[in-house]
There are 2 protein chains.
Amino acid sequence: MTARNAALETIQRELTAIARRARATAAQMHPELSLVAYTILAHIEEQQGCRATDLAAHYLLDKSTVSRQVAALERLGLIERRVDPSDHRVQVLHLAPHGNEILTTARASRRETFEERLAAWDQGDLTRFADDLVRYNADAASHP
Amino acid sequence: MTARNAALETIQRELTAIARRARATAAQMHPELSLVAYTILAHIEEQQGCRATDLAAHYLLDKSTVSRQVAALERLGLIERRVDPSDHRVQVLHLAPHGNEILTTARASRRETFEERLAAWDQGDLTRFADDLVRYNADAASHP
DNA sequence: TCGGAAGAGTTGTAGAGTGCAACGATATCA
DNA sequence: TGATATCGTTGCACTCTACAACTCTTCCGA
């Protein structure tokens with residue numbers, strides 16, 4: 001076993017553990033918000049409005065899945081749909097006021113968790129780790 | 001926004017992306033093996049046999065969930081159950097020959113994917129990233 | 001020694017999340 | 001105008017999951 005292979009195995013194993021933990025704690029993020037729902041809200045806010053098709057493409061989900069998630073979020077009053085005036089097939093999704101509140105609360109709660117977890121990391125460690133994660137995800141996106 | 005908060009947000013976002021990708025590509029790892037199934041096989045091999053309760057505790061799953069997963073793996077002929085002679089409540093799980101083959105194949109395929117993804121990383125980068133992931137997971141485990 | 005408590009595992013039930021296929025509505029282009 | 005493509009919804013089936021109730025086995029204290 002070379003040092004390179006050892007590192008690759010470790011990375012593989014630890015990333016799997018991260019994925020597993022994300023699933024296990026998904027429901028606990030916010031009483032009213034699943035991980036997918038949170039992700040969708042965050043994406044809508046970040047993009048300042050987007051289409052269901054965009055969400056499906058970005059998160060590698062079937063459009064029917066996104067359609068149902070969006071419908072649920074609308075029923076909860078967290079998002080609004082606005083038909084695109086220039087293309088009536090398209091519905092542009094925006095955050096409703098309540099969605100904005102929930103997202104803010106959930107984000108703060110998440111940040112608090114991360115701050116506790118990473119309290120012992122100094123600024124250099126954090127920045128380096130963040131950079132590595134960005135680099136890894138970019139590589140993963142181009143080698144699916 | 002402080003530099004520390006920026007790094008925390010990035011880490012949070014990128015880890016979420018990793019979890020999302022893991023879910024999306026779980027089914028494509030091996031035609032016969034879901035991500036959970038692969039994880040269970042790998043854990044059994046690593047521990048050289050383990051109990052269903054161990055799996056449930058380690059992966060934060062309900063024992064009924066593990067029971068069904070294990071039953072499915074047994075039906076596929078990938079694992080064997082051996083009643084512990086010293087405690088007849090316990091079933092020790094072991095890899096069946098076919099399970100060993102499948103695991104070896106899946107692991108090789110996974111490693112290949114990671115090697116491609118991380119081809120541009122030099123040894124220092126890899127080791128550092130692996131160490132950071134281990135450290136992060138340890139922190140996450142102690143701050144649930 | 002016996003009886004209750006605890007642990008391991010299974011099964012019934014219910015719910016969330018997902019993909020595929022078929023569909024209607026709208027838009028685009030030859 | 002008609003063929004084709006895009007956006008979104010709905011019916012259906014399947015997997016994964018947790019909770020609760022149950023059986024079987026073991027352990028421990030009176």
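Letters go in sequence order (proteins before strands), and every chain restarts at 1.
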Report the C-alpha separation of Asp125(B) and Asp132(A) in whole Å, then their side-chain angles, then the decisive distance to 0.1 Å, and conclude whether the side chain to side chain contact (heavy atoms under 4.5 Å, CB included) test is met. CA-CA 8 Å; Asp125(B) 293 343; Asp132(A) 280 350; 5.8 Å; no
I would like to know whether Tyr59(B) and His43(B) meet side chain to side chain contact (heavy atoms under 4.5 Å, CB included); could you show each step before the answer? CA-CA 10 Å; Tyr59(B) 296 117; His43(B) 190 90; 3.0 Å; yes
With side chain to side chain contact (heavy atoms under 4.5 Å, CB included) as the criterion, how do Gln91(A) and Val70(A) come out once you've worked through the C-alpha distance, each side chain's angles and the decisive distance to 0.1 Å? CA-CA 11 Å; Gln91(A) 300 173 358; Val70(A) 164; 5.8 Å; no
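Taking every heavy atom of residues 46-58 of chain B and every atom of DNA chain D, no pair lies under 4.0 Å. A heavy atom closer than 4.0 Å to some atom of DNA chain C occurs in no member of residues 70-79 of chain B.
A 4.5 Å side-chain heavy-atom check between Ile102(B) and Thr105(B) finds every atom pair outside the cut-off. Put simply, the side chain of Tyr38(B) does not reach to within 4.5 Å of the side chain of Thr16(A), judged on heavy atoms. By the 4.5 Å heavy-atom criterion applied to side chains, Arg21(A) and Leu60(B) are not counted as neighbours. Contact of the Ile40(B) side chain with the Ile79(B) side chain is not registered, since no non-hydrogen atoms from C-beta on lie closer than 4.5 Å. Residues Arg117(A) and Thr113(A) form a side-chain contact, since some pair of their non-hydrogen atoms from C-beta on lies under 4.5 Å apart. Ile18(B) has its side chain within reach of Asn137(A): a pair of non-hydrogen atoms, C-beta onward, lies under 4.5 Å apart. The shortest side-chain heavy-atom distance between Gln47(A) and Asp54(A) does not fall under the 4.5 Å cut-off.
Not counting sequence neighbours, Glu115(A) has no partner by the salt bridge (Lys or Arg N to Asp or Glu O under 4.0 Å) test.
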Would you tabulate the side-chain donor-acceptor contacts of residues 6-13 of chain A under 3.5 Å, counting partners in other chains and residues two or more places apart, or write 'none'?
| from | atom 1 | to | atom 2 | distance (Å) |
| --- | --- | --- | --- | --- |
| Glu9(A) | OE2 | Arg111(B) | NH2 | 2.7 |
| Thr10(A) | OG1 | Ala6(A) | O | 3.0 |
| Gln12(A) | OE1 | Arg110(B) | NE | 3.1 |

Per-nucleotide protein contact string for nucleotides 17-30 of chain C, where B marks a base within reach and S marks sugar-phosphate only (heavy atoms under 4.0 Å, - for neither): SBBB-----BS---
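Scanning DNA chain D 5' to 3' for nucleotides with an atom closer than 4.0 angstrom to a non-hydrogen atom of chain A gives a first and last hit of dA5(D) to dT17(D).
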